[in-house]
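Heads up: the structure comes next, in structure tokens.
Both counts, for ligands and for their atoms, begin at 1 and track the order of listing. Only a predicted model underlies this, so the values are computations on that prediction, with no experimental measurement involved.
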Amino acid sequence: MEKKLIIAIDGYSSCGKSTFARAIAKELDYIFIDSGAMYRAVTLYCIRRGFVGKGILNTEGIINELNDIHIEFVYNPDILECETYLNSENVEREIRGVEVTSHVSRISQIAEVRARMVELQRQIGVFKGIVMDGRDIGTVVFPDADLKIFMTASVDIRAKRRFDELINKGLEVNFEEVRKNIIVRDITDENRDISPLRKADDAIVLDNSRMTVEEQMIWVRQIIEKKMYGS
Ligand code: DC
């Protein structure tokens, strides 16, 4: 029988991790989990409760209410994809906005938040046949993942991709702000004390600065085949 894999995709912000992970999951008929969406949903909850904002970070309040935060991925047959739900509300669009994006790094530095998210992510992973993207999937969530990919691309290319994505979604954004946010998130993600962004020793690096998604798929197909069937 064909072996079901756990595929971990980590890397910098706006590298196209989710697009790539989603494409792999579609091709293999696996479950795709966007772990960043989980941190974003927690951040949205915190914004609404006033726990985070400009100059505000009420860590105790967040920790006290962690058990009230329920995150699910619900399949939407109209778009053939899963969407993120926070306490039964579809928040897929709101969690991608500038406000959540500007606070999410601080929320994802809180040890208790990370512990809760990792627990949920591992529960999803027990089924195997899963592609999960994030920052610590290959290092912390699934250190024994069958395949680990670490993605990177230049800051300018990532900023352009993110800017285009937000514009296409009809959001009003400024290119320099998007670029600055990416740089700040890189620094925060790489330097936080708990589970900082780093390449797992056994991860394969993919710099997709000059690659289309189809080219990335051609690259990854051979690697997956080797993992599934040997060579
Ligand atoms: O992948 P993304 O940009 O949607 O992630 C949003 C934020 O969540 C990002 O700034 C870092 C954090 N994150 C994390 O700390 N660990 C993960 N596994 C995924 C995301």
Residues R185 and R162: closest non-hydrogen pair is NH2-NE, 4.2 Å
* Asked: Is there a nitrogen or oxygen of S13 sitting under 3.5 Å from a nitrogen or oxygen of ligand 1?
  -> no
task: Give the ring-plane orientation class for F163 versus F175, where under 30° counts as parallel, over 60° as perpendicular and anything between as tilted.
output: perpendicular
Quick one: does R192 get a heavy atom under 4.0 Å from ligand 1? yes
The single option from E89, E99, E65 that satisfies salt bridge (Lys or Arg N to Asp or Glu O under 4.0 Å) with R48 is E89
Short version for R106: what comes under 4.0 Å of ligand 1, heavy atoms counted, is neither
heavy-atom search around atom 4 (O) of ligand 1 in the protein gives R40 NE, 2.7 Å
Closest to atom 2 (P) of ligand 1 among protein heavy atoms sits R135 NH2, 3.6 Å
Legend entry - Check: S35 N/O within less than 3.5 Å of ligand 1 N/O: yes
Side chain proximity check, S14 to E165, heavy atoms < 4.5 angstrom
no
Min over R114, M132, R185, M117 of heavy-atom distance to atom 16 (N) of ligand 1 lands on R114
Output yes when the distance from some N or O of ligand 1 to some N or O of D133 is under 3.5 Å, and no in every other case. no
| query | Angle class for the F51/Y45 ring planes (parallel below 30°, perpendicular above 60°, tilted otherwise)? | reply | tilted
Quick note, salt bridge (Lys or Arg N to Asp or Glu O under 4.0 Å) partners involving residues 135-146, not counting sequence neighbours, are K3-D146, R114-D136, K128-D146, R135-D189
Looking only at protein heavy atoms, what sits closest to atom 20 (C) of ligand 1 is G36 CA, 3.5 Å
Within the 4.0 Å heavy-atom cut-off, what D10 brings close to ligand 1 is neither
Between K148 and G138 the two heavy atoms that sit nearest each other are NZ-O, 2.9 Å
Polar contact flag for Q121 and ligand 1 (N/O pairs, less than 3.5 Å)
no
Note: G61 and N58 closest approach over all heavy atoms is N-OD1, 2.8 Å
